[in-house]
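Input: a single structure, listed below in structure tokens.
Both ligands and their constituent atoms are indexed starting at 1 by order of listing. Quick caveat: nothing in here was measured; it's all calculated off a predicted structure.
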Amino acid sequence: MTTPEPQSQNTPLSDTKLVEDRSKLSKMYQHYVEMKDKYPHALLLYRVGDFFETFFQDAVTVSRELELVLTSKHGGDVGRVAMTGVPHHAWERYTTMLVEKGYAVVICDQVEDASEAVGLVKREVTRILTPGTLLEEGMLKASRNNYLAAVVIAVNHWGLAYADISTGEFLTTQGSDLEHLTQELMRLQPSEVLFPTNAPNLGTLLRPGETSPSLPQCLPPTFCYSLRSQLPFSQAEARSKILQKFKLRSLEGIGCEHLPLAVRAAGGLLEYLEDTQKQNPVSLQLLRTYTLTDYLIVDHQTRRNLEITQTVRDGTFHGSLLWALNRTSTAMGSRALRRWLLQPLLDIKGIKARQDSIQELVENTPLRQDLRTLLRKIYDLERLAGRAGSGRANARDLVALADSISLLPELANIAAEGRSPFLKALQKVPPVLEELAKKIQLHIVESPPNHLKEGGLIRPGINPLLDERKATVEADQQWIATLEVDERARTSIPNLKVGFNKTFGYYISISRSKSDQVPENYIRKQTLTNEERYITPELKEREARILTARDDLNQLEYEIFAALRDEVAEHADTIRNISRAVAAADVLCGLAELAVHQGYCRPEMVEGREVEVIDGRHPVVEQSLPSGFFVPNSTWLGGKNYGGMNHEGTKEAKEEEKRRGKEGKKDTSYPDLVILTGPNASGKSCYLRQVGLIQLMAQIGSFVPAMSARLGVCDRIFTRVGAVDDLATGQSTFMVEMNETANILNHATAKSLVLLDEIGRGTATFDGLSIAWAVAEYLAVEIKARTIFATHYHELNELASIINNVANYQVTVKELPDQIIFLHQVQPGGADKSYGIEAGRLAGLPAVVIQRAKQVMGQIEKHSKIAMGLQNLQ
Ligand SMILES: Nc1ncnc2c1ncn2[C@@H]1O[C@H](COP(=O)(O)OP(=O)(O)OP(=O)(O)O)[C@@H](O)[C@H]1O
């Protein structure tokens, strides 16, 4: 802990620790520091009049982070206090910025009317916002989940729970390899991670990039970490917290009774929610247990290289796979599509069920279009239910919820035309929800105001008392409205006016020249330059009645609303269940729409290892090129295993040849490993990624950009693409490449798809070539993983003549005298030229350099015996 520097008399105090005698602070600041003591690790936004103000150290931070003016205020006998304020109506905007920067923010609001307060206005903490516990609509991104995660590590075993409190999702798992934990966190991209520790700085929220000795290496530094006490993460505490939260007797039913680390993480997460969301407990769905091996494993590098949710170059959504595939109509659907893409399936049945639905929606255009038209009108049911569930929904939220629910029966009717299970799930709208929607629509006006305590929410005819009070207020208001006309007639003063201001309330204004004509019952209240202002006893009586009646009225309206919101909260789970079905149907409709418009085909999913894609296309590049410009290419990988090394002439080889026939039968003649050569910019990387993306799309159940495809289910997709310096970790390009390659060789199986782009380029040519050779050989012979190996080392083409399950492919170009035309066609055979020097010439290297390079190359080619030498190794 650092001791703040003593400050000179004139400098405003910028740290609460500098206040030696707190009794010298004025009353409000005494209360402020009391609150700040309770939340030392958060920024405290304190309501003062029309502003939320921050003082002392928080003022300095807020001013720096939001680029607001740092000023000061008189703090009592201690002198001036540093202060930064934001207008109270804009608190959400400013808080969002602070939370996005990784701060926790505590809102301390006025909870009584300042005009009625005796002494200091009563203030309380009304909301604690941390990056992982947001619910406000304006603070959340509609198209992605906002996850709060909790991690427990015991030696090299781990437990991970995560929840999105805005949608109610709550899952937990555990594993035994810390690398898997890292990968899972990278998949989830949580906004906040809870980590139990013994360290003294408990309660600290580490912002992205901030390090702490308490955090183990396997936790990526790119997230926010909340350091929590160990106790709620203990087995006993955590278990009882889960049982109590979900009113369970045992954890058996939710599948984690025997997963102690998963239980500890989930329990710790629940405790954190209780701690931070005291005012409005969040409603979560029943905890679900999952296993990493239920899904296709796509590690972080691969997700990055395949640009699933953002591009590698600039991290934008535009240009990613998600961007290319997203044709969803609802926010729930776009979040679901993102989840599907980050968790493709392994189970053929599950994949086929999704495919069946897409096929039905592709074939039945009216069904698809009707569904999409209706889906577009449905609001974010999941998050609306979440806000209602935690008591934070406003009247507009309830109206949106009701309007959306009341569309569900129509959606069900349309879906009833469909046969697939995903559409069937839409055909049951629980009657209780329909009733609830009707009730909301009956109670709340069509366009209610944003504020809940200023009336105008409830329709007439709902509550007799409310109607009676409204009638009284209206009668009094009517009396005041006609007062001006009546008094003008009575007094014969033509410019008499009735006005209102905050200080005096209603008054009668008369120009000073007519002041001698005022009736006797007028009481003078104020004299201005040209006018006199009066009141009458009856006017004041009516006014008092209006004001008190209006307060009562507003309160009563609020109570009716709150009761309705509580009723919605009781059904939050039911609403979420149906919204999940809506989200899935939306994703499938979107994928069907995409398939129709982009000409995708349904891939045949098979038990074997084939990757057979006829005329495949890159789903993203295709969409960014003018129509018809993308050159389709086919892929054949993973036929029957050949047993590795060449066994030409052997008995097995002859038998195999007999089985395959002279032309080679489709399912037995595909290589496992393809060496892909071709000049720079010919399209090798594009082809490589295309194969990975098609496989991944197929495993989320989507149709794929190809004329036809037969695909075995992969257990993992690995990629090693390009040379990106990992400056952040201080590793060299070559070391990053080797680490990634090692990871692939250590984890790939015969069911994996491996996509390698340029292995061994970051070191000396011969070292690089030797490593590339050995890696390719290992993948083909030992692992037999389906692999595409793009390289500029043409020597690797030799492998195909030595190892049976290796084949050579090249991306072709047409050479004209002074230019190369890129044909982007992948064809059998190895490229014999790399055109690297040609590319250099086109890039503008000086002619002498090009000339010299050609000479040097000629010499090297003449004397190189690499390929020969390598052959002799066999
Ligand atoms: N099949 C295709 N049809 C049309 N255009 C393509 C195709 N494949 C690639 N391209 C275009 O060619 C460009 C270069 O492709 P890519 O980056 O894959 O080349 P490369 O062979 O990997 O180059 P290098 O060896 O220099 O890395 C891409 O940006 C893309 O626009």
Side-chain angles (χ1 to χ4, degrees), residues 302 304-307 311-314 316 318-321 323-324 598-600 613-636 674-694 697 704-707 709 719-725 733 737 740 754-762 765 768-769 772 787-797 808-815 819-845 853:
T302 300
R304 213 178 89 113
N305 293 335
L306 293 182
E307 307 189 305
T311 59
V312 172
R313 185 181 294 237
D314 45 16
T316 53
H318 186 99
S320 65
L321 179 67
W323 165 80
Q598 296 293 319
Y600 288 2
V613 181
I614 309 300
D615 283 352
R617 284 119 49 200
H618 189 299
V620 184
V621 177
E622 180 188 33
Q623 282 190 39
S624 34
L625 289 178
S627 169
F629 270 60
F630 192 89
V631 181
N633 281 303
S634 303
T635 309
W636 296 276
V674 161
I675 300 287
L676 181 69
T677 46
N680 294 100
S682 57
K684 298 184 297 299
S685 308
C686 183
Y687 177 72
L688 207 79
R689 289 188 167 101
Q690 162 185 320
V691 176
L693 291 174
I694 288 178
M697 285 171 70
V704 297
M707 207 153 80
T719 57
R720 160 64 232 140
V721 169
V724 183
D725 270 303
T733 311
E737 180 182 325
E740 289 182 17
V754 180
L755 307 167
L756 300 173
D757 201 355
E758 318 267 24
I759 290 278
R761 279 225 305 190
T765 310
L769 172 57
T787 306
I788 301 181
F789 197 123
T791 182
H792 285 285
Y793 293 130
H794 297 158
E795 291 81 355
L796 293 187
N797 283 329
N808 293 327
Y809 278 82
Q810 57 177 325
V811 193
T812 53
V813 290
K814 193 166 169 188
E815 209 177 341
Q819 64 166 324
I820 301 168
I821 298 179
F822 292 104
L823 302 175
H824 302 304
Q825 269 168 4
V826 176
Q827 287 184 350
D832 51 358
K833 257 177 101 173
S834 71
Y835 300 91
I837 296 180
E838 194 54 26
R841 189 182 68 77
L842 291 176
L845 290 185

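Legend: residues meeting salt bridge (Lys or Arg N to Asp or Glu O under 4.0 Å) with Glu740, ordered by chain and number and at least two apart, are Arg720.
Formation of a donor-acceptor pair under 3.5 Å by the Asp615 side chain with backbone atoms of Ser634 is not found in this model. Remark: the backbone N or O of Tyr793 is paired with a side-chain donor or acceptor of Thr791 at under 3.5 angstrom. Not one N or O on the side chain of Lys684 forms a donor-acceptor pair closer than 3.5 Å with the backbone of Thr677.
Side-chain contact, Thr311 with Thr316: a donor N or O sits under 3.5 Å from an acceptor N or O.
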Under the criterion side chain to side chain contact (heavy atoms under 4.5 Å, CB included), I'd like the reasoning laid out for Val674 against Trp636: C-alpha separation, chi angles, the key distance, then a yes or no. CA-CA 9 Å; Val674 161; Trp636 296 276; over 6 Å; no
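Closer than 4.0 angstrom to ligand 1 by heavy atom are Leu625, Phe629, Phe630, Val631, Asn633, Pro679, Asn680, Ala681, Ser682, Gly683, Lys684, Ser685, Cys686, Glu758, His792, His824, sorted by chain and number.
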